[in-house]
Amino acid sequence: MSLLAVVDEITELIACDLGEAALSLAELECRPRLADPAYPAAERLCLARALASSLRAVSQHRAALRATADFVSAARGQLAPADVEAAARDMADMRWALGEADLCLAQLRQIPRAHRTRRDWARMARCADALGCADAAELRAHAPPPASEAAAAAARVTALMQRLDYGAAAAELSRLARRGPGSPRLVALLAACRFHLGDDRAARGLFARAAAGGALFDEAGAHAALLMRAGDRLAVYALGRRLLRADAGRAEGWVAMARFLAMAGRAQDALAVAWKAQALAPRLADAFLAEGAAQMAAGNAGDAAAALLRAHALAPSAFSYAEAVAALVRAERLKDAFVYARELAELMPGHPAALALVGSVLAHSPESAAKAEALLAAALAADRRCAAAVDALAALFVAGGRVSDARALLEAHLPELPTDAMYARYADVLTLANDLPAAAANYAAALDLNQDNQRARAGYERVGRLMQPGAENDDDDDDEQLPIESDFSDAL
């Protein structure tokens with residue numbers, strides 16, 4: 001596993017209350033690498049922190065402290081000052097958990113005054129008060145009034161998000177984070193901003209942090225939608241189970257479970273669960289977004305559009321715009337789809353995903369294909385990692401018979417977007433180009449990343465049949481191609 005994958009997996013396991021599993025993974029993957037000089041010190045520090053987090057998750061605070069201290073002592077000369085300070089804060093937290101106020105205070109005093117966060121000052125003030133230190137009053141003067149400030153910040157950020165100004169909201173939250181870790185509620189809001197901006201990797205890590213800090217229900221609908229967009233069915237289930245275990249009387253857990261059932265191919269069950277969520281919270285937009293996902297899984301594009309537009313009326317967001325447009329396109333209501341896509345582009349001017357949404361709608365009309373291509377190219381010029389733009393432009397090329405252009409486009413962007421969906425899309429193009437061995441290899445790569453990717457599984461089986469002796473002379477050969485072309489039509 002890559003370093004990032006190891007850290008993400010440990011974080012996710014801890015967030016799901018699977019501390020023992022997180023510790024087993026950390027012992028297997030982190031400890032051997034900590035002493036390996038082939039890894040940069042900053043990367044080994046990430047592993048050391050992940051190991052410490054897994055130990056703390058099972059209440060082994062002393063072992064976590066020892067592991068962190070040993071690593072920092074061995075690698076201090078290779079670590080940047082900011083990394084040393086971060087490690088000092090971690091060890092101070094462990095000292096505090098062990099009831100060692102004097103050593104916690106001494107650890108935090110090692111951080112230069114100019115670099116101390118508001119949380120550092122607050123922790124130091126509590127330690128100094130407990131110990132009766134002479135400078136306790138000075139330390140208290142630097143400590144924040146956390147509850148009122150966090151509430152005011154959440155109100156400001158929520159107002160920005162309601163205007164779909166996610167960039168400004170994220171900037172405000174990042175500014176607050178530089179002054180201290182912030183409340184779990186603010187971390188959840190930042191995760192939601194990153195989700196709506198299309199930065200799914202950052203959003204997933206932030207959601208895990210927020211849940212670990214106690215903000216499990218905050219932005220839970222966006223968290224479930226993010227995991228569904230990633231195709232991680234088990235993670236969606238784990239989130240739903242955890243939410244229901246915490247409070248089955250709230251709708252958020254049922255929303256996540258509806259998404260899980262839709263991903264599992266149980267569309268009717270998903271609808272029943274989504275309707276239960278709506279009964280519990282009639283004005284919760286996420287419950288109607290979940291119904292929309294279930295209706296799409298059932299093949300009911302018209303009903304999906306109705307549910308998604310209801311969600312959009314309750315709480316407009318970048319995600320609700322994108323989901324509504326996709327359903328309207330599938331229901332062949334292209335004029336309505338264009339109206340909503342253009343409205344999003346006006347609310348989020350210049351944003352790559354918004355440009356890609358407009359371009360994907362225009363691509364359905366041969367008369368506007370050139371304009372669609374220009375918009376999708378502009379989206380990629382703004383962000384080469386805009387998966388929606390890559391996907392829509394590849395589909396546009398295929399629809400125009402430009403399979404070689406689609407192949408070149410995907411080959412250029414696949415290294416930056418190594419997702420199961422992109423591998424499956426590339427394999428589809430390779431199949432159309434009759435490069436069947438390469439198509440099979442890329443379908444397999446998609447399934448290695450996500451065994452639930454039904455598109456990749458169907459494609460792999462289709463290519464396997466085509467590669468059988470005599471398949472090229474099979475009367476049904478043309479039919480084998482049709483599902484791929486239909487998939488590309490859906491992408492538009």
Side-chain angles (χ1 to χ4, degrees), residues 1-13 25 28-29 198-205 226-237 260 263-265 356 376 380 383-398 402-468 471 480-492:
M1 296 176 68
S2 68
L3 180 145
L4 182 61
V6 169
V7 174
D8 284 349
E9 185 68 19
I10 290 171
T11 303
E12 191 72 28
L13 289 170
L25 179 61
L28 179 66
E29 296 285 350
D199 189 356
D200 287 5
R201 175 177 290 183
R204 189 163 182 172
L226 166 71
L227 296 172
M228 186 175 187
R229 188 157 76 185
D232 196 339
R233 185 173 65 176
L234 292 179
V236 178
Y237 174 77
F260 162 72
M263 295 176 76
L376 294 169
L380 286 176
D383 180 8
R384 284 184 53 82
R385 290 177 49 82
C386 181
V390 174
D391 200 45
L393 189 54
L396 180 62
F397 286 157
V398 169
R402 298 160 59 185
V403 175
S404 60
D405 288 340
R407 180 173 184 170
L409 173 74
L410 290 164
E411 286 173 351
H413 291 276
L414 189 59
E416 299 164 312
L417 295 164
T419 64
D420 61 291
M422 203 57 65
Y423 275 111
R425 176 66 75 201
Y426 181 45
D428 287 346
V429 171
L430 291 170
T431 305
L432 292 174
N434 205 33
D435 191 348
L436 300 184
N442 281 276
Y443 281 131
L447 290 170
D448 284 343
L449 291 170
N450 178 13
Q451 293 190 4
D452 289 331
N453 189 320
Q454 296 306 312
R455 178 199 196 91
R457 189 169 300 283
Y460 188 78
E461 293 171 356
R462 182 170 55 240
V463 167
R465 293 194 299 271
L466 289 170
M467 292 174 68
Q468 293 299 316
E480 294 282 6
Q481 298 279 348
L482 290 176
I484 303 173
E485 294 170 353
S486 174
D487 286 343
F488 274 104
S489 177
D490 290 343
L492 288 175

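Treat the numbers as computed from the prediction; the structure is a model and nothing was measured.
- Distance check, rounded to the nearest 0.5 Å: CZ of R425 to CG of L417 gives 13.0 Å.
- Across all their heavy atoms, V236 and M228 have their closest contact at CG2-N, 3.7 Å.
- Within the model, atoms OG1 of T419 and CZ of R201 stand 10.5 Å from one another, a figure rounded to the nearest 0.5 Å.
- Atom CE of residue M263 and atom CG of residue L234 lie 8.5 Å apart, to the nearest 0.5 angstrom.
- With N442 as the partner, the side chain to side chain contact (heavy atoms under 4.5 Å, CB included) test is satisfied by one option alone out of L447, V429, L414: L414.
- Nearest heavy-atom pair, L227 versus A235, reported as atom, atom and distance to 0.1 Å: CD1-O, 3.6 Å.
- Note that CZ of R455 is 13.0 Å distant from CG of N450, once rounded to the nearest 0.5 Å.
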Go through D420 and Q451 one step at a time and tell me if the side chain to side chain contact (heavy atoms under 4.5 Å, CB included) criterion holds. CA-CA 9 Å; D420 61 291; Q451 293 190 4; over 6 Å; no
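- Within the 4.5 Å cutoff, the side chain of H413 has no heavy atoms near those of the R385 side chain.
- When all heavy atoms are compared, the tightest approach of R384 to A412 is NH2-O, 3.3 Å.
- With rounding to the nearest 0.5 angstrom, the CG atom of L376 is 6.5 Å from the CG atom of L396.
- Between atom OH of residue Y423 and atom CG of residue N453 there is a gap of 13.0 Å, rounded to the nearest 0.5 Å.
- Among all heavy-atom pairs drawn from G198 and R229, the shortest one is CA-NH2, 4.3 Å.
- Looking at R407 and Y426, their side chains come closer than 4.5 Å, going by heavy atoms from C-beta outward.
- Enclosure of atom CD in E416 by more than 12 non-hydrogen atoms of other residues, nucleotides or ligands within 6.0 angstrom is indicated.
- Between A406 and A394, the closest heavy-atom pair is CB-O, 3.8 Å.
- Between D8 and R204 no salt bridge is recorded (no basic side-chain N to carboxylate O distance below 4.0 Å).
- For the pair L380/L409, a side-chain contact is recorded, criterion being any heavy-atom separation below 4.5 Å from C-beta on.
- For the pair R457 (side chain) and D452 (backbone), a donor-acceptor distance under 3.5 Å is absent.
- Considering all non-hydrogen atoms of both residues, A456 and A424 come closest at CB-CB, 4.2 Å.
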